[in-house]
Amino acid sequence: MAAEPLSQKEIEDRLRELPGWSLDGDRIARTYRLGTHFAATGLVVHVAGIQEELDHHSDLTLGYNTVALTVNTHSAGGAVTALDFELARRVEDIAPGHGAS
Ligand SMILES: C[C@H](O)[C@H](O)[C@H]1CNC2=NC(N)=NC(=O)C2=N1
């Protein structure tokens with residue numbers, strides 16, 4: 001079943017469970033800071049694996065010591081859906097292990 005767009009209230013409620021994540025236009029977003037470029041690269045590779053597993057993909061940007069994600073759901077017309085929050089939750093769970101904050 002296709003993911004349905006979440007309402008503004010649903011988005012706000014779910015964002016409260018994900019400190020560091022925010023609504024950026026029609027996408028949810030977070031930027032992580034890491035100790036080194038190599039550590040940031042490791043986080044990108046780990047996130048890429050999660051995204052393949054979920055078949056749901058953020059725009060994932062590697063900086064010098066930062067990793068930025070923004071995501072919405074193309075198949076829901078570019079709205080924010082539960083799939084975006086599932087990806088965000090999964091990334092939150094593994095990011096601390098990479099030293100990300
Ligand atoms: C065919 C495949 O399931 C789709 O293209 C997936 C892949 N990754 C995706 N990622 C995101 N962010 N939104 C989608 O709608 C989406 N669709």
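Counting starts at 1 for both ligands and their atoms, following the listed order.
- Regarding atom 2 (C) of ligand 1, its nearest protein heavy-atom neighbour is Asp55 OD2, 3.4 Å.
- Residue Thr73 has at least one heavy-atom neighbour below 4.0 Å for each of these atoms of ligand 1: 13 (N), 15 (O).
- Among protein heavy atoms, the minimum distance from atom 13 (N) of ligand 1 is reached at His74 N, 3.2 Å.
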Salt bridge (charged side-chain N to carboxylate O under 4.0 Å, His left out) between Asp84 and Arg27, intermediate numbers included = CA-CA 9 Å; Asp84 304 311; Arg27 311 171 70 88; over 6 Å; no
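- The aromatic rings of Tyr64 and His37 sit parallel to each other, their planes meeting at less than 30°, with 60° as the upper class boundary.
- For atom 10 (N) of ligand 1, the closest non-hydrogen atom on the protein side is His57 N, 3.1 Å.
- Under the 3.5 Å distance criterion, the side-chain polar atoms of Thr81 are matched with a main-chain donor or acceptor of Leu83.
- Under a 4.0 Å criterion applied to the non-hydrogen atoms of Ser75, ligand 1 contributes the atoms 15 (O).
- Between the side chain of Glu12 and the main chain of Lys9, no donor-acceptor pair closer than 3.5 Å is present.
- In this structure a side-chain-to-backbone donor-acceptor pair under 3.5 Å is missing from Glu92 to Leu18.
- Comment: Arg16 engages Asp13 in a salt bridge, judged by a side-chain N to carboxylate O separation of less than 4.0 angstrom.
- Per-atom contact check: atom 5 (O) of ligand 1 does not touch the protein, criterion being a heavy-atom distance below 4.0 Å.
- Using a 4.0 Å cutoff on heavy atoms, Asn72 counts as a contact of ligand 1.
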